[in-house]
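Comments concern the structure below.
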Amino acid sequence: MEERYSPAAIEEKWQSRWAHEKSFKVTEDPNKQKYYLLEMFPYPSGRIHMGHVRNYSIGDVVGRFKRVRGFNVLHPMGWDAFGMPAENAAIQNKSHPAKWTKENIEYMRGQLKRMGLSYDWDRELATCDLSYYRWEQQIFLEMYKKGLAYKKSSFVNWCPSCETVLANEQVEDGGCWRCDTTVTQKELEQWFFRITAYAEELLQCTDNLPGWPERVLVMQRNWIGKSLGCEIDFPLEKGGAIRVFTTRQDTLFGATFMSLAPEHPLALELATAEQRAEVDAFIEKVKQTDKLKRTADDFEKEGVFTGSYCINPATGERMPIYLANFVLLDYGTGAVMAVPTHDQRDFEFARKYSLPLRVVIQPEGELLEPAAMTAAYTEPGTMINSGDFNGISSLEAKAKIADWLEKKAKGCKTVNFRLRDWGISRQRYWGNPIPFIYCDCCGTVPVPEKDLPVVLPLDVEFTGEGGSPLARLESFLKVDCPLCGKPARRETDTMDTFVESSWYFLRYCCSDFTGGPLDTEKVRYWMAVDQYIGGIEHAVLHLLYARFFTKVLRDLGYVNVDEPFTNLLTQGMVIKDGAKMSKSKGNVVDPNALIEKYGADTARLFSLFAAPPEKDLDWNDQGVDGCFRFLNRLWKLVHELLPKIQTAGAVDVAKLSDDARALRRTVHKTIRKVTADIDERFHFNTAIAAVMELVNAVHAFAAKNSPENSALMKEAIESTLLLLYPFVPHFSEELWEMAGHKGGIEAAGWPSFDAEAAADEELLIVVQVNGKLRGRITVSVDADEESVKAAAFADDKVLGHLEGKTPRKVIYVPGKLLNVVV
RNA sequence: GCCAGAGUGGCGGAAUGGUAGACGCAGUGGACUCAAAAUCCACCGGGGGCAACCUCGUGCCGGUUCGAGUCCGGCCUCUGGUACCA
C-alpha cells in the first residue's frame, strides 16, 4: 500500500510536536559548544514576503545543521516594530499604530510558525514593547553621561504645507509625497550619537573580521572614509579666519578663491550690503535642492560672491569668498580652499565665474597653461609657483607644506572622517521617546533613572500634519522639572528605529531580564553572534550602527566582545520578471498561497535551490513544481523500499557487486559534498542538486537490482533523509519515523562519511593538445605520470591531432588532465 | 555622481586557473491510457557533417598563461547603498 505525500498533515504534525516539546528552547550550557545564529528580524509590515521566506529558510538550514552536529544553538526571532509605515497606516486607515503593529505581528508570527522554523519562541521580543524600549532609554542616558549623546542643530526636509518633517523617501522629485509642495531644508535642534568617536576603531576592526564578505568591509571602510590632511586658517580681511580642511595642501599656492557651504555660519556674516540680496536668494535656492542631486558630479556647479575676501596664508594674496552649492557643511569644516587648476569642481566653478587660475603642479614632460586647460590636473607632478617648495615632487611637498604650516602656526595636520555623527531625532510618534525634559531655568535635563521609563502614550491623534502628535498632547508634554520642580516640557522627538536594531541581538540573550538592559552573564555566554544572515541592503548603515552600539555597550560594561557578528552572510534579493517584488509592479508572490499549495518544505526547498544565498534569486513558479515533484518522487521511492529498510542490517562491503559499490561511492561522495557545501560555503543549491543526483542514482539502481541489496538501500535512503533534514525537516522527520526510528531524526546525528567507500577505483584523465580537449582516457587510481602519458599517446584521437608534430612540453595535472603542447 | 556587486543555453543556475552548461525548469519524441492528467524512458547551446567528428560559444575590447567563465586593464548594461525606508 502506497501512501500519498500530503505535506499539510505532516507539517502540522511536526510543527505541533516541536511547539509542544519546545524542541528549540535553549539555555546556557557550559558543557556544550554554543552557536548563536541570527537572521535580521523583520519589520511587521503585514505579511511576510519572499525575501523573508528566503532569509529564514537559509537560517533554518544552518540552525538545524548545527544542532544535529551537537551545538547548543541559540536561534531567536522578534520584531523591529517601531517605524514610519505604522504611522502612515494610522493616518490612512484611522487605526492606531500600536494596534496595527500588534495585529501584523500576530499574523506574521503565524506565518513563520507555518514555515516550520526552529526558533526559540520563548525569547521573542518586539521593540515597541515597553519591556524593550525602556532599557534603550536607560542606555541613551548612560551614553549622554559619557558625552556620546548630544544636541546640535542640523537640517531636515520640511513640508511647509503639512508643517511636518519628511523622510528622504517621502520626498519625490523635490516635492512632498502627500501634497506635492516644494520641500525645503529647515534647521532644527536634534539629538546625535557621537559615532565619530569610534570612527578609528570601527575602521581598524574591519581588518579583523575574516568572516565578513570583503565587499561589505570595503563599503564600510569607504563609508567611514578616513583621510589624512591639514586644517588651514585663511585670515579674513575684516578679522578672524576661515578654517578649511584639505588633503591637497600641496596645492595651497594655487588656491585663488574660497568656497563655503551655503549653510556655513559665516555665510551671512560675510555677505556685504550690495551682495546681500543675491546671497539670500542663492541660499534659499540651495535649501530647495535635493541633497543627492547637489553632490552629483554632473550637477551644475553654482555659487555666489559674498563680497568679502580672505588671505592665502602662503602667497599673501586676496581670495574672493564664494558660496558654492557643491560644498557640504557636514564634511570637513564646510569650507574649501579652491584650487581650480588641480580640482575638477573648482575648475568648472572658476571657468563659470571667470576666477583666476594658477598652475602649481606640472606633469612630467608637459607644460600646463591655465588658459589652455580643459580640465583640472589632479595627478602628482613637480611643484612650481610655490616659493621654497618649487622643484620637488608634489608627494614630497604634501609632507613638507604640512610641516611648514605647523611651524608657522598657520595650520595643523589632521585626520578627517567622511563618517558623520548619527542623527537620531525623529519628529514622529511611533518610536522610542527620548528621555529628556526642557526647563526654562535648568535647561536640558535628563529624566532621572527612577522616573524611567518614559511611556509612549496611546491617546493621540493622527493627521499627518502639524508635526509630531506627541508635541500636541498636553498630558505628555507638560511635566515638572526634576531639578527645580517648576513646570517644564518633555522632549517630543523619538529615536531613529535603527537604534532598536543596534542592540536587539544582545537582548535576545536575556529577553526576559528585568534588572536592566542586559544580563551580562548570559550575554557573556552567547555573544558574539556566530552567524548573522540578512539582506545586502544593510551592508553599511544597520551593520555599522550595530557595531558602534556593541562597542559603546562594551565600554559601559555590559558586553565583553568588541564586534557583534563573527560571520556575516549577506543574501541577495528576491526578483521576479527582472524586478524586485513590489505591489506597484504587480509581481508579488504570496508565501501563503505557495505554502497552501505545496507545503512549507517545498517553499523552503525551492528558495534554497534556485540560487546561492548571496546572489539575487529569480522567482519562477514552475521551478517550485520541480521541487515538489522531487519530494513526491523520493516519497514514493522510500515507500517502495520501506519493507527492505525496516528489516535490513548493516552493509557487508565484501559482498557488494561493482554496481552496488558504485552506488555506495555516490552515497558517501554526496555526504562529503553536502556537508562541505553547507558548512563551508552555504551553497545550498549545489548541496540539494547533489542529493537529487543521489536520489536519481538510487532510483536507477533500485529499478534493476535484486533484493539482496537491502542493507545498501537502507544506508542510501537513510543518508538521503538525514542530508535533507535541514532543508525539508517535516518531510525527513516523517519518513525517518516510518523507516522505524523513534525519538526524532536529530537523535541520529549527521550521517558519517566513509572515505574508503567514497574512494574512486579509476580516474578519468582529460587529454588536451594545445589547450584544446582532444581525448579522454581512463586510468587506475594509482597510475603515475609516465603511464598516463603512455596511455594518452596511445589514444587514437590524441594521435590524430599530434600527426607530424613534435611535443614541446607536456603538462600533467595529477588525476585530472594532461596537456600536450606542440 | 560616488561606493559596492552582477552579467554563462529558451529560463534559474553549475564549474580549487584545467572536460563550459551539473541539478532543476521549459521544450521535443516515445511508453502507459479509450483519452487526458500524473508517472516513467530518451533527446535537449549555435553552425557544419550520413556519421566518426569538426567548428564557434560564458556582456564588449585588449592582456597574462601550456590552458581564462574564473586573473589583470579599459568599456557597456543592470542591481544594492548613498546617512529620516527598514
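A note on names: the letters A, B, ... follow the listed sequences, proteins ahead of strands, and every chain is numbered from 1.
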When you compare [N] with [M], how far apart are their [atom1] atoms, in angstrom units rounded to a whole number?
N	M	atom1	answer
U19(B)	G73(B)	P	25 Å
G17(B)	U70(B)	P	11 Å
G57(B)	U8(B)	C1'	10 Å
A26(B)	G18(B)	C1'	32 Å
G49(B)	G1(B)	P	49 Å
G69(B)	A14(B)	C1'	11 Å
C25(B)	C40(B)	P	10 Å
U79(B)	A20(B)	P	33 Å

Closest approach to the side chain of [X], judged atom by atom: which nucleotide of [options] is it?
X	options	answer
Tyr545(A)	A83(B), A22(B), G80(B)	A83(B)
Glu169(A)	A86(B), C85(B), A22(B)	C85(B)
Asn222(A)	A4(B), A86(B), C23(B)	A4(B)
Trp223(A)	A83(B), C56(B), C84(B)	A83(B)
Asp496(A)	A83(B), C84(B), U19(B)	C84(B)
Arg776(A)	U19(B), G80(B), C84(B)	U19(B)

Under 4.0 angstrom between [X] side-chain N/O and [N] OP1 or OP2:
X	N	answer
Arg774(A)	C54(B)	yes
Arg633(A)	C40(B)	yes
His542(A)	C85(B)	no
Lys636(A)	U39(B)	no

Which nucleotide, in any strand shown, forms a Watson-Crick or G-U wobble pair with [N], with both distances under 3.5 Å?
N	value
A26(B)	none
G5(B)	C78(B)
A36(B)	none

Check: Between Arg418(A) and Glu214(A), which has a closest nucleotide on RNA chain B that is more 5'?
Finding: Glu214(A)
Notebook entry, point to check: For RNA chain B, whose closest nucleotide is more 5', that of Leu541(A) or that of Asn696(A)?
Noted result: Asn696(A)
Let me know the distance between [atom1] of [X] and [atom2] of [N], rounded to the nearest Å.
X	N	atom1	atom2	result
Tyr5(A)	A38(B)	OH	P	18 Å
Ile195(A)	A83(B)	CD1	P	14 Å
Glu640(A)	C40(B)	CD	C1'	11 Å
Asp677(A)	C23(B)	CG	C1'	12 Å
Phe193(A)	C84(B)	CZ	P	13 Å
Phe630(A)	U39(B)	CZ	P	14 Å
Asn632(A)	C25(B)	CG	C1'	16 Å
Arg629(A)	C40(B)	CZ	C1'	12 Å

Verify, without hydrogens or angle tests, whether [X] (side chain) and [Y] (backbone) share a donor-acceptor contact under 3.5 angstrom.
X	Y	result
Asn432(A)	Thr494(A)	no
Tyr132(A)	Glu500(A)	yes
His699(A)	Val695(A)	no

Which word best sums up how the rings of [X] and [Y] line up, parallel for under 30°, tilted for 30 to 60°, or perpendicular for over 60°?
X	Y	value
Trp422(A)	Phe549(A)	perpendicular
Tyr56(A)	His52(A)	parallel
Phe193(A)	Phe548(A)	tilted
Phe606(A)	Trp619(A)	perpendicular
Phe82(A)	Tyr133(A)	tilted

Is [X] touching bases, backbone alone, or none of the nucleic acid, heavy atoms closer than 4.0 Å?
X	result
Met219(A)	base
Ser425(A)	base
Arg426(A)	base
Val165(A)	base
Gln190(A)	base
Leu764(A)	base
Val821(A)	sugar-phosphate
Gly423(A)	sugar-phosphate
Met573(A)	sugar-phosphate
Leu419(A)	base
Gln427(A)	base

Notebook entry, point to check: Base of G9(B) relative to its sugar, syn (within 90° of 0) or anti?
Noted result: syn
Review item, nucleotides 10-18 of chain B N/O atoms under 3.5 Å of protein N/O:
unit_1: G12(B); atom_1: O2'; unit_2: Ala610(A); atom_2: O; d: 2.8
unit_1: G13(B); atom_1: OP1; unit_2: Asp616(A); atom_2: O; d: 3.4
unit_1: G13(B); atom_1: O3'; unit_2: Asn685(A); atom_2: ND2; d: 3.3
unit_1: A14(B); atom_1: OP1; unit_2: Asn685(A); atom_2: ND2; d: 2.8
unit_1: A15(B); atom_1: OP1; unit_2: Arg681(A); atom_2: NH1; d: 3.2
unit_1: A15(B); atom_1: OP1; unit_2: Arg681(A); atom_2: NH2; d: 3.1
unit_1: G18(B); atom_1: N2; unit_2: Gln768(A); atom_2: OE1; d: 3.3
unit_1: G18(B); atom_1: N2; unit_2: Asn819(A); atom_2: ND2; d: 3.3

Notebook entry, point to check: Side chains of Lys789(A) and Leu818(A): does their closest heavy-atom pair fall under 4.5 Å?
Noted result: yes
Next item on the list: Confirm from the modelled atom types if Arg428(A) and C84(B) form a donor-acceptor pair under 3.5 Å, side chain to base only.
Entry: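 Indeed, a donor on one side and an acceptor on the other fall under 3.5 Å apart.
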Check: Is the charged tip of Lys151(A) near the ring of Phe192(A): under 6.0 Å from the six-membered ring centre and within 45° of its axis?
Finding: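 Judged by the rule (NZ or CZ under 6.0 Å from the ring centre, within 45° of its axis), Lys151(A) is not positioned above Phe192(A).
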Notebook entry, point to check: Is it true that Phe727(A) and Phe609(A) have ring centroids separated by less than 6.0 Å?
Noted result: no
Check: So, for Tyr43(A) and Trp79(A), is the gap between ring centers shorter than 6.0 Å?
Finding: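 Aromatic pair excluded; centres sit 6.0 Å or further apart.
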